Amino acid sequence: MTTDVSTTAPSAAPDHATALRELRAVLSQENYEGAVRCAARLYDALPDKAQLARNVVLVAYGGGKDSSYTLAFVRTMQLILSQEHGRTFTMRVATNRHAGMPQAVMDNIDRAYRSLHLLNDPDCELLLIDGQQVRPFDATLPQTDDVVGRNRLDILMTGHRTAADARPTFCNACNLSMVNSFGLAAGYDGGVDLIITGDSQQEQRDYYLWVTRLARRFGLQPPRDMRAGFRGFLASLNNISQAYFTDIHGPNAPEVIAEHAITTDVRTGLQFFSIYDDTAYASGDHWELLTEHLGFRFDDIAFSFTESDCGNPALMAHLRALKCEHRYGQSYAEGLAGYVEFAISLMHKKEFPPQLVTLMRERYEGRADQMRAAMDAYAAQAYGLTEEQLVAMVHAPFTEKGTNLEAYLTAEQPDLLPHAPLIHELLGGSTPTTGVAAAQVTEHLEKITGLTVDQLKVLYTSSLRLPSPTPVGGELIDAILEGDPHKQIVHTRHSADGPVVPELLSGR
C-alpha cells in the first residue's frame with residue numbers, strides 16, 4: 001500500500017453549530033429524530049468516551065445519491081454528539097475511485113464536503129483511494145494510469161470470457177476492489193474503531209455467509225485461526241479474488257494478479273455499526289437535501305440507470321445494442337431500446353423517484369445515434385477502448401479454442417478469414433509469432449482487440465461462460481454472481497428471422 005500523509009492544516013476551527021443548524025433545516029423531522037437516536041447508539045458503541053476525538057469512525061462514500069445521504073446522516077450524528085458533549089468522534093470518509101467514475105462524481109463529492117463543512121474540520125479525514133494508493137481527497141487529482149490500465153484489462157478479459165455479459169464484465173472486479181478499499185481505509189494511519197454501514201444486520205450476515213460458503217465451495221477458506229471477524233472476511237475474499245483473477249488473466253500473470261490483492265491489515269475485532277433502523281434511503285424523501293443543500297447534480301454520464309456515480313451502465317447498454325446489431329440481426333436502436341426497458345424495470349424495483357425514471361427514458365428515446373456517439377466517446381476517454389474492440393468482445397471469438405472465430409472473422413474481419421488456421425495455430429501455441437505472416441496477423445489481432453497475443457492465448461485456453469439461469473460447470477466466474485438481483489429473462493430474436501427465445505440479461 002502506498003500512503004501520502006501530506007495535507008494542509010485546517011485554516012480555522014469548524015462551526016459545528018452552524019453546520020448542524022443547516023442540516024436541521026433540510027432534514028425531515030423523522031430523519032433528524034432518527035439521527036438523534038442513532039447518535040446515542042453510536043456513543044454507546046464508541047470505545048473511548050473520555051476522549052471522543054480519539055474514536056475514528058469510517059464512512060465509505062462513492063459519490064452517488066444514496067451514499068451522499070448516508071454521509072449527511074452520519075455528519076448529523078457527529079454534530080449532535082459535538083453539541084451534547086463539546087467534542088465528537090473523528091469521521092473518516094473514504095472514496096474508492098475507478099476509471100468508470102467521471103469527473104462529475106468527484107465534483108459532486110467536493111460540493112457535498114463543502115456544504116457539510118468537512119474540508120476545514122479537524123474532526124474529519126477525507127481520503128481518496130486509487131487502487132492500492134491512499135491519499136487525502138482532492139477533486140482535481142487525475143485518475144492514475146495504473147488504475148485505468150487495470151480496469152481496462154479486467155473489462156476486456158472478462159468481457160471476452162462472457163461475450164460481454166454486463167454484470168461480470170464491469171462489476172466483478174469493481175466489487176472486489178470496493179471491498180479492498182474498505183480494508184485499506186480501515187487500516188490506514190492507525191486504523192478505525194467502527195465502520196458505518198447502511199446495511200441491516202441481516203444483510204450483513206447474509207453477505208458474510210455468502211462469502212464463507214463461496215470460499216468453502218471452491219476450497220478457498222483461510223486457516224481456521226484467520227477466519228474470525230472482518231479480518232477473516234477480508235482473508236476469505238482475498239483468496240477468492242486471487243483465484244478469480246488467476247482464472248481471468250492466467251497463472252502466468254503474477255503481477256496482474258497481485259495488483260488485485262485484498263488487504264487484511266485491519267484491527268482485530270473491528271465491528272460494523274448499522275444506521276439501517278434509524279433512517280430511510282428513498283432519495284425522493286430527501287430531494288431538497290440532495291439537490292439544494294449538497295448540490296448533487298445528476299450528470300448525463302455519471303447518472304446512468306440505477307447508478308448515480310458511475311458511467312459503466314451506459315456502456316452496458318451500448319454493448320447490448322452492439323451485440324444485437326452485430327450478432328442478432330437487429331438494429332442498434334432496437335437493441336438499445338430493449339436494454340433501456342430492462343434497466344428502467346430495475347430502476348422501478350429500486351424505487352427510483354419518477355422524475356429520474358422519466359429523465360432516463362427521455363435521454364434515450366429516439367436518440368440511438370447520439371447515445372452511440374456519446375458512449376463511444378466515453379469508452380475512449382475512460383478506458384481507451386474503440387467500438388471495434390467492443391464489437392470483438394461481444395463476439396468472444398477467441399475463447400474456448402476460438403469456437404466463434406470463423407463467424408467473427410466472416411462478419412467483422414473478412415480480410416483475416418483466410419488466416420483463420422494460422423490464428424488457431426498462433427493462439428494454440430503450435431506456431432511461433434515470428435515470421436512475416438504471423439507478425440502481421442498478430443499486429444492486426446492486437447489492434448482489433450486491445451489485447452496482446454499472450455492475453456489472447458489465455459482466452460483461447462479458457463472456457464466461454466454465457467449467461468444462463470442454470471450455469472453448466474459451476475466455475476468461480478459463474479458463482480460470484482449467483483443470485484444476483486440485477487438479472488432478468490428477456491425475450492428476443494438471435495437472428496433477423498429467427499424465433500423469439502428467452503435470454504438471461506444482466507446489467508445495472
Side-chain angles (χ1 to χ4, degrees), residues 155-170 312-343 364 368-369 371-373 375-376 379 383 385-417 419-420 423-424 427 444-445 447-451 456 459-460 462-469 471-472 477-478 487-508:
I155 288 169
L156 286 171
M157 293 296 285
T158 311
H160 275 275
R161 284 290 300 279
T162 63
D165 185 20
R167 286 283 282 155
T169 297
F170 289 98
N312 287 343
L315 287 181
M316 296 178 188
H318 186 42
L319 281 166
R320 176 63 183 180
L322 290 174
K323 179 178 284 189
C324 289
E325 179 185 51
H326 288 266
R327 294 192 60 186
Y328 294 166
Q330 302 176 30
S331 69
Y332 180 92
E334 288 172 322
L336 188 64
Y339 187 91
V340 169
E341 288 306 311
F342 158 74
Y364 282 87
D369 290 342
M371 294 309 298
R372 182 175 194 160
M375 287 307 99
D376 276 338
Y383 297 106
L385 294 173
T386 66
E387 184 174 294
E388 184 177 52
Q389 292 163 353
L390 298 178
V391 169
M393 206 162 59
V394 303
H395 280 276
F398 308 103
T399 310
E400 206 160 273
K401 301 190 182 304
T403 187
N404 294 331
L405 179 62
E406 282 75 13
Y408 164 69
L409 296 180
T410 300
E412 311 293 347
Q413 303 290 336
D415 291 348
L416 277 180
L417 185 59
H419 300 289
I423 294 172
H424 280 290
L427 301 187
H444 197 155
L445 291 177
K447 173 183 175 293
I448 63 178
T449 64
L451 294 167
L456 294 174
L459 292 173
Y460 196 79
S462 299
S463 62
L464 180 60
R465 312 307 301 173
L466 298 179
S468 168
V472 178
I477 190 175
D478 307 314
K487 299 178 185 177
Q488 185 175 301
I489 297 292
V490 299
H491 292 84
T492 186
R493 286 183 170 85
H494 286 182
S495 60
D497 54 356
V500 174
V501 295
E503 181 181 359
L504 184 64
L505 188 61
S506 74
R508 291 300 295 263

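If you're wondering where the values come from, they're calculated on a predicted model, not measured in any experiment.
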request  = Tell me, with the steps shown, if Phe342 and Met316 meet side-chain contact (heavy atoms from CB on, under 4.5 Å).
outcome  = CA-CA 11 Å; Phe342 158 74; Met316 296 178 188; over 6 Å; no
ask   = Atom OG of Ser462 and atom CD1 of Ile477: how far apart are they, to the nearest 0.5 Å?
value = 9.0 Å
task = For residues Thr449 and Ala392, report the shortest heavy-atom separation together with the two atoms involved.
result = CG2-CB, 4.5 Å
inquiry  = If I compare all heavy atoms of Lys401 with all of His424, which pair ends up nearest, and what's the gap?
reply    = O-CE1, 3.5 Å
task = Specify the closest pair of heavy atoms between Ile423 and Leu416, including all atoms of both residues, with the distance to one decimal.
result = CD1-O, 4.4 Å
Arg320 to Gly335 - nearest heavy-atom pair and separation = CG-O, 4.0 Å
request  = List the atom of Ala163, the atom of Leu466, and the distance in Å for their closest heavy-atom pair.
outcome  = CB-CD2, 3.8 Å
message = Hydrogens and angles aside, do His419 and Gln413 bring a side-chain donor and acceptor to less than 3.5 Å of each other?
response = no
query = Heavy atoms, side chains only, cut-off 4.5 Å: are Asp165 and Leu504 in contact?
reply = no
ask   = Is the shortest heavy-atom distance from the side chain of Ser506 to the side chain of Pro168 under 4.5 Å?
value = yes
query = Is a side-chain donor-acceptor pair under 3.5 Å present for Tyr383 with Gln389?
reply = no
query = Could you go step by step and tell me if Leu319 and Met375 meet the side-chain contact (heavy atoms from CB on, under 4.5 Å) rule?
reply = CA-CA 10 Å; Leu319 281 166; Met375 287 307 99; over 6 Å; no
ask   = Sequence neighbours excluded, which residues qualify as salt bridge (Lys or Arg N to Asp or Glu O under 4.0 Å) partners of Glu334?
value = none
Contact check, side chains of Arg508 and Asn312, non-hydrogen atoms, under 4.5 Å = no
ask   = Are any non-hydrogen side-chain atoms of His160 and Leu451 less than 4.5 angstrom apart?
value = yes
request  = Over all heavy atoms of both residues, which pair between Arg327 and Val394 is shortest? Give the atoms and the distance, please.
outcome  = NH1-O, 2.9 Å
query = How many angstroms lie between NE2 in His326 and CD in Glu412, if you round to the nearest 0.5 Å?
reply = 5.0 Å
task = Ignoring hydrogens and angles, tell me if any N or O in the side chain of Arg161 forms a donor-acceptor pair with the backbone of Leu459 under 3.5 Å.
result = no
Of Asn404, Thr403, Leu456, the residue whose pairing with Phe398 passes side chain to side chain contact (heavy atoms under 4.5 Å, CB included) = Leu456
ask   = Will you find, in the side chains of Tyr339 and His318, an N or O donor that is under 3.5 Å from an N or O acceptor?
value = no
task = Measure the spacing between CE of Met157 and OG1 of Thr399 and express it to the nearest 0.5 Å.
result = 8.5 Å
Leu427 side, atom CG; Leu445 side, atom CG - distance, nearest 0.5 Å = 6.5 Å
ask   = Step by step, would you call Glu406 with Leu409 a side-chain contact (heavy atoms from CB on, under 4.5 Å)?
value = CA-CA 5 Å; Glu406 282 75 13; Leu409 296 180; 5.7 Å; no
request  = Measure the spacing between CG of Leu322 and OH of Tyr332 and express it to the nearest 0.5 Å.
outcome  = 5.5 Å
note = Value for CD (Gln330) from CZ (Arg493), rounded to nearest 0.5 Å, stands at 8.5 Å
